[in-house]
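I have placed the structure first, in the form of structure tokens, so that the comments after it can refer back to it.
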Amino acid sequence: MRTLIVEDDPDLAHQISALLVGEGYVVDWSSDGEEALELGLSAPYAAVVLDLGLPGMDGLSVLRRWRGAGRLMPVIVLTATRQSVADMRDGVRAGATNYLLKPVDLELLLDWVRGAVNSGGPNVSTPVLEIGPLRMDTRAMRVWLDAEPLRLTPTEFRLLHCLIVSADRPSSANDLAERAFDNASAKTGGEIPVYIGRLRDKLGKDAIETVRGFGYRLAYAEAK
């Protein structure tokens, strides 16, 4: 399968490329936003790893242009700093599959690429995500459970989004803390169980499994 790395740091791009090539992926690399835009419009990539800070055109603008042109390949966004709530919302609405903070955990990145190209998982490249009785519209920021609207706080929405896009594997508390909170409201992994408890109150106590030693996973993933 063909993948695209969009990263202007050649050392990091080389590391990611070597990782993906070692897993059998065909890899293209671009260090420029405008060039990446054209590549994404012209080639059928199975997945894209996209840095936000690019010369020529920023990564978020590239992603918006791809989605506007109907390109729905999974896109894993790399960012050097924690995203604000507004930035994460913009990214989700633009069609980002997931965020990964630098310095990049290469094993985690590989897990996400594998999950993104696995057709058995939820289609995280589209604005609407569905798994089991859950339906999430990432543009309208709305969630339904068994076709009934579900009222979630912004924090609960982000946490549930993390669980949905990682439904093929457990997510650790530390991972969820990094991905679901902005810099102003940063939490530690030790605080995540409180928010998981609040989600369970709204989704049902058995909706989120605790996988001992690994973290949390949506129970619906078993029935995909």
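Taking CE from Met136 and CG from Leu150, the interatomic distance works out to 9.0 Å, rounded to the nearest 0.5 Å. The distance from the OG1 atom of Thr153 to the CG atom of Leu199 is 7.5 Å, given to the nearest 0.5 Å. For the atom pair CG (Asp105) and CG (Leu109), the distance works out to 8.5 Å, reported to the nearest 0.5 Å. Of the inter-residue distances, the one linking Leu54 atom CG with Ser30 atom OG reads 7.5 Å to the nearest 0.5 angstrom. Summarising the geometry, atom NZ belonging to Lys102 is positioned 10.0 Å from atom CG belonging to Leu100; distances are rounded to the nearest 0.5 Å. In this structure, CG in Leu159 is found 6.5 Å from CD1 in Ile208, a value given to the nearest 0.5 Å.
In summary, Glu156 and Arg151 do not engage in a salt bridge, as defined by a charged side-chain N under 4.0 Å from a carboxylate O.
The minimum heavy-atom distance linking Cys162 with Leu176 is given by the pair CB-CD2, 3.7 Å. Closest approach of Asp8 to Pro55, counting heavy atoms only: OD2-CD, 3.7 Å. Residue Ala13 comes nearest to Trp29 through the heavy atom pair CB-NE1, 3.3 Å, listed as atom of the first residue, atom of the second, then distance. In terms of heavy-atom proximity, Asp137 sits nearest to Phe157 at O-CZ, 4.0 Å. Contact detail for Arg217 and Pro170: the closest heavy-atom pair is CB-CA, 4.1 Å. Minimum heavy-atom separation, Tyr45 to Leu39: CE1-O, 3.4 Å.
Checked by atom type and distance alone, the side chain of Thr97 never pairs as donor or acceptor with a backbone atom of Pro74 at under 3.5 Å. Looking only at distances, a side-chain donor or acceptor of Glu7 sits under 3.5 Å from a matching main-chain atom of Asp9.
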Between Arg114 and Asp111, is the salt bridge (charged side-chain N to carboxylate O under 4.0 Å, His left out) condition met? List the steps. CA-CA 5 Å; Arg114 286 170 176 158; Asp111 283 343; 3.5 Å; yes
Test log, rule side-chain contact (heavy atoms from CB on, under 4.5 Å), inputs Thr79 and Tyr99: CA-CA 7 Å; Thr79 179; Tyr99 280 91; 4.2 Å; yes
Criterion side-chain contact (heavy atoms from CB on, under 4.5 Å) on Arg135 and Val143, from CA distance to verdict: CA-CA 6 Å; Arg135 186 171 185 266; Val143 178; over 6 Å; no
Taking it one step at a time, do Arg158 and Tyr195 satisfy side-chain contact (heavy atoms from CB on, under 4.5 Å)? CA-CA 11 Å; Arg158 295 195 304 275; Tyr195 296 92; over 6 Å; no
Might you work through the side-chain contact (heavy atoms from CB on, under 4.5 Å) test for Arg67 and Leu63, ending with a clear yes or no? CA-CA 6 Å; Arg67 297 311 192 218; Leu63 180 56; 3.9 Å; yes
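Side-chain contact between Leu160 and Leu218 is present, with at least one heavy-atom pair separated by less than 4.5 Å. Counting heavy atoms from C-beta on, the side chains of Val6 and Asp51 never come closer than 4.5 Å. Proximity of Val104 to Val49: side-chain heavy atoms (C-beta onward) are nowhere separated by under 4.5 Å. Using a 4.5 Å cut-off on side-chain heavy atoms (C-beta onward), Asn98 and Val77 make no contact. Between Val26 and Leu20, the closest side-chain pair of non-hydrogen atoms is not below 4.5 Å. In this structure, the side chains of Trp144 and Pro133 stay at 4.5 Å or more apart for every pair of heavy atoms. At least one side-chain heavy atom of Leu108 sits under 4.5 Å from a side-chain heavy atom of Trp112. For the pair Ile76 and Val113, the minimum side-chain heavy-atom distance is below 4.5 Å.
Following chains of ILVMFWY side-chain contacts shorter than 4.5 Å, one can reach Leu41 starting from Leu50, so the two form part of one hydrophobic cluster.
The only option from Leu12, Thr3, Ile5 that meets the side chain to side chain contact (heavy atoms under 4.5 Å, CB included) definition with Ser17 turns out to be Ile5. Here the rule is side chain to side chain contact (heavy atoms under 4.5 Å, CB included) with Ile16, and of Leu78, Val21, Leu110, Val27 only Leu78 fits it.
Both tests do not hold together for Arg71 against Trp66: distance to the six-membered ring centre under 6.0 Å, angle to the ring axis within 45°.
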